[in-house]
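Worksheet: the structure to be examined is printed underneath.
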Amino acid sequence: MGDLVTLGQRIRHFRQEAGLTLDQVGEQVGTAASQLSLIENGRREPRVTLLGDIAKALGVTVPDLLDETPPSPRAALEIELDRLQRSALYARLGLPAVRPGRTLGDDVLEALVGLHRELVDRERRSIATPEEARRANTELRHRMREKNNYLPELEELAEDLVRSSGHVSGAITHREVGLMAKRLGFELVYVNDLPRSARSVTDLENGRIYLPPASIPGGHGLRSMALQAMAHRMLGHEVPETYADFLHQRLEINYFAAACLMPLTQSVAFLQQAKNDRNIAVEDFRDAFGVTHEAAALRFTNLATSHLDLQLHFLRVGDDGAVYKAYENDGLRLPVDVTGSTEGQPVCRKWSARVAFTRTNRTTEFYQYTDTPEGTFWESTQTGTGTGSEFSITVGVPFAQAKWFRGRETTQRQASTCPDPACCTLPDNELTGRWGGKVWTSARLHAHILSPLPSGTFPGVDDQEVYRFLEQHASDA
């Protein structure tokens with residue numbers, strides 16, 4: 001059964017409209033007034049048969065009672081106050097709960113709810129620090145490692161949505177994405193004036209998803225953004241209460257979009273055939289589904305362990321050597337700080353992720369074996385150019401599993417002893433003797449470590465911009 005507080009409010013609303021007391025309804029349904037009072041206050045769930053009797057006594061239907069819409073503005077405030085007072089945040093204050101009885105004026109009730117909203121908003125802003133973001137991101141990475149980066153419930157949802165579009169094979173088209181949106185009751189609208197703080201805006205009232213008119217070559221970005229917006233609705237996301245919630249939602253919508261663009265059944269069949277042929281290549285997987293190299297590499301991490309029995313690691317590294325994203329379940333020791341976070345940490349200069357930047361010809365994947373204290377790993381790296389800087393995308397596996405991949409015959413090999421600083425961090429003695437104590441360098445901030453953080457109101461979207469945008473487009477809906 002749905003929200004008990006809303007159910008209770010609707011029962012009370014229809015009882016008062018019928019001019020009945022609790023005793024009178026109790027006599028008709030054979031239940032004590034005290035029990036009905038508990039139901040109306042959201043403290044007890046009625047049996048299905050009792051709910052039917054109550055609906056009959058009040059002259060309404062069971063669906064009328066189960067409707068999740070608050071029956072009045074006053075009831076909406078009472079429901080919100082109850083929810084806020086039952087939150088962990090309010091419980092930590094050790095204050096008593098306020099019962100919004102008849103004698104509590106609407107203005108007082110509005111003030112109480114407003115104070116609670118501000119309390120929640122301030123708590124959200126206070127926790128959205130770089131330290132909190134890094135801690136939450138690290139915990140999420142560890143949880144996904146335990147799951148082998150695989151979420152079967154999202155796979156099932158994505159397969160069902162893709163099937164509804166009539167898609168059979170190959171790359172998902174924009175038309176098919178539009179059909180998926182239509183199934184969920186949305187129309188995709190491309191506009192030039194999206195708020196700068198938003199990647200997309202979903203108008204729930206009029207059933208529209210607003211997107212920018214252009215994206216990266218191939219349209220992967222537009223399809224992905226549309227699918228991410230749909231995912232929020234399909235997964236029942238609400239405004240996140242913590243930064244960890246925010247990151248988890250981002251992970252879920254990205255995973256869902258990738259699972260639609262590279263559907264499970266087709267992807268596993270493609271990769272299994274490549275494994276049988278001992279010719280797995282991320283670039284082939286990318287081209288088969290019309291996505292970016294990074295999207296294909298990340299999707300490979302979802303499926304490799306659960307469906308191909310492969311352990312692996314993934315890295316996105318900037319041209320300054322800093323980690324942007326990372327995942328591993330193959331034993332590779334990722335560079336981490338004292339908190340266990342890997343984002344922003346430099347990878348070894350001898351790893352494929354950095355050696356690949358030194359190549360003259362970067363049009364194809366770069367293959368390398370890397371000896372580390374944890375064992376030897378085979379890696380495949382592709383470089384690319386982002387906004388103002390270069391990056392590399394690496395997928396690697398333990399030596400024994402290299403036999404399934406294209407590029408396993410490479411003679412390129414490096415030996416790394418990191419995290420030993422003598423490996424590639426400390427300068428050699430000759431350079432130290434020449435420059436020690438004679439130079440000062442101003443470090444560059446890894447801005448990407450801070451960029452996901454909310455600015456202003458959580459989670460980083462300018463609500464005023466969004467509301468003005470919707471007002472301007474409301475007449476078109």
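In this chain, residues are counted from 1 in sequence order.
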Q. Any idea how His473 and Tyr210 line up, ring-wise: parallel (<30°), tilted (30 to 60°), or perpendicular (>60°)?
A. tilted
Q: Anything under 30° is parallel, anything over 60° is perpendicular, the rest tilted; go ahead and classify Tyr150 against His307.
A: perpendicular
Q) Rounded to the nearest 0.5 Å, how far does CZ of Phe377 lie from CG of Leu312? A) 11.0 Å
Q) Closest heavy-atom contact between Glu159 and Thr265? A) OE1-OG1, 2.7 Å
**Q.** Inter-residue atom distance Ser341.OG - Glu343.CD, 0.5 Å rounding
**A.** 4.5 Å
Q.
Looking at every non-hydrogen atom in both residues, tell me the closest pair between Gln368 and Ser352 and how far apart they are.
A. NE2-N, 3.4 Å
Q: Could you tell me whether Glu328 and Arg333 make a salt bridge, using a distance below 4.0 angstrom between a side-chain N and a carboxylate O?
A: no
Q. Should the pair Lys275-Asp309 be classified as a salt bridge under the 4.0 Å nitrogen-to-oxygen rule?
A. no
Q | Residues Arg117 and Glu80 bridged, charged N to O under 4.0 Å | A | yes
Q) Shortest non-hydrogen contact from Glu365 to Val282? A) OE2-N, 3.8 Å
(Q) Nearest 0.5 angstrom please: Met230 CE to Leu235 CG, how far? (A) 12.5 Å
Q | Heavy-atom closest contact (Thr372 atom, Gly375 atom, distance) | A | OG1-O, 2.7 Å
(Q) Check Arg134 with Asp337, please: is the shortest side-chain N to carboxylate O separation under 4.0 Å? (A) yes
